[in-house]
Amino acid sequence: MIKLQVKLMGSARIPTLSAEDEGALRKSAANRVAGSVRQHLLELKAATGSRKWWGKAARSVQVAPEEEEGRAVVAINHRGVHLHWKGGDVRPTGRPSEVTGKPTKSLLIPFPDSPLRQRGISLAELGVPKESIHVIKSKKGCPILVAGIEKKTRTNLIWLGKLVKSAHFEPRPEVLPSEDALHAEAVEGARQALRAIIGK
């Protein structure tokens, strides 16, 4: 999860604002920021040709309930967005596999044409019996995971992905709007709420 915190420092200088009005300013600012982040992620979805993942990330953006006075939080509740944004290394967790039940020792990186990537599903969600899933070892390169589907007189192989011991992600600052852009959205949201309050 990524949390973007919106803190309005200037609102306390306006003595006529009630606590309720200040809360309305923060909420309006956070809603503008959330809308900007959603739109940015949808644009990233279109730019990358992603079928599901970035769209799910956009739908996961929400304004969280205030955790402390004077602060609004916009949360992106989609696993992996922070990794794409800040970068880092991913290694197997060692937790039991959904398919084999054995400790996970490798990461599965789906091929571009793999049904896992195209349908945005996990290996367990693919619904293939575990006895039909095989590892093809290679002296050169990474082992390959395939599913063998029996069709009367032949077996069709579905190429799922490669198995690696770790994966490295370079930071991608473009995953989220810039700090200046988010600040501008927060300020405009606060101004809109203030105009509504003054006009009461």
Side-chain angles (χ1 to χ4, degrees), residues 1-8 22-99 104 106-127 160-161 164 166-193:
M1 180 193 329
I2 297 175
K3 287 186 177 181
L4 306 172
Q5 297 179 344
V6 179
K7 193 167 186 179
L8 301 177
E22 287 192 7
L25 256 68
R26 288 192 296 273
K27 185 173 181 180
S28 181
N31 283 335
R32 284 281 302 204
V33 169
S36 176
V37 172
R38 282 190 204 100
Q39 182 59 35
H40 188 85
L41 292 174
L42 288 174
E43 290 170 2
L44 192 59
K45 174 183 183 292
T48 60
S50 169
R51 298 181 64 182
K52 293 185 178 181
W53 201 86
W54 288 110
K56 288 182 178 179
R59 290 192 296 275
S60 78
V61 178
Q62 64 179 3
V63 177
E66 289 197 13
E67 298 178 347
E68 58 182 90
E69 187 178 351
R71 179 173 294 174
V73 175
V74 177
I76 306 173
N77 298 302
H78 191 56
R79 186 175 182 181
V81 177
H82 188 275
L83 180 64
H84 281 277
W85 182 40
K86 290 296 188 181
D89 295 315
V90 181
R91 292 181 174 80
T93 62
R95 291 195 294 265
S97 164
E98 294 177 310
V99 178
T104 304
S106 298
L107 299 173
L108 174 59
I109 310 296
F111 295 128
D113 58 349
S114 167
L116 303 178
R117 187 181 297 275
Q118 292 187 341
R119 292 162 57 188
I121 59 176
S122 69
L123 185 58
E125 291 169 331
L126 185 61
L160 300 175
V164 299
S166 65
H168 178 72
F169 289 77
E170 292 294 336
R172 296 174 59 194
E174 70 275 13
V175 163
L176 293 179
S178 69
E179 185 176 340
D180 287 345
L182 292 176
H183 180 265
E185 292 291 345
V187 169
E188 182 55 32
R191 283 177 178 162
Q192 289 177 351

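Computed from a prediction, not measured in an experiment: that's the story for all the values here. No hydrogens, no waters, no symmetry mates; every other heavy atom, side chains included, goes into these values.
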Side chain to side chain, L107 and R91, heavy atoms closer than 4.5 Å: no
Nearest heavy atoms of A29 and A186, plus distance in Å: CB-O, 3.3 Å
Ring centers of H78, W53 separated by less than 6.0 Å: yes
Would you mind writing out the side-chain donor-acceptor pairs for residues 55-65 within the sub-3.5 Å range, not counting sequence neighbours?
from: S60; atom 1: OG; to: A57; atom 2: O; distance (Å): 2.7
from: S60; atom 1: OG; to: N77; atom 2: N; distance (Å): 3.2

H183 side, atom NE2; S178 side, atom OG - distance, nearest 0.5 Å: 11.5 Å
Close side-chain approach of L108 and L116, heavy atoms under 4.5 Å: yes
pair R117-F111: side-chain heavy atoms closer than 4.5 Å: no
Main-chain N/O of R95 paired with T104 side-chain donor or acceptor, under 3.5 Å: yes
Trace of the side-chain contact (heavy atoms from CB on, under 4.5 Å) decision for L160 with L126: CA-CA 10 Å; L160 300 175; L126 185 61; 3.7 Å; yes
Separation of I121 CD1 from K52 NZ (nearest 0.5 Å): 7.5 Å
Pairs flagged by salt bridge (Lys or Arg N to Asp or Glu O under 4.0 Å) wherever residues 174-186 is involved - sequence neighbours left out: R32-E185, R172-E174
For the student: nearest non-hydrogen atoms of A30 and A72, plus distance: CB-CB, 3.7 Å
Closest non-hydrogen atom pair, S28 against A190: OG-N, 4.4 Å
Residues which pass side chain to side chain contact (heavy atoms under 4.5 Å, CB included) with A184, listed by chain and number, not counting sequence neighbours: none
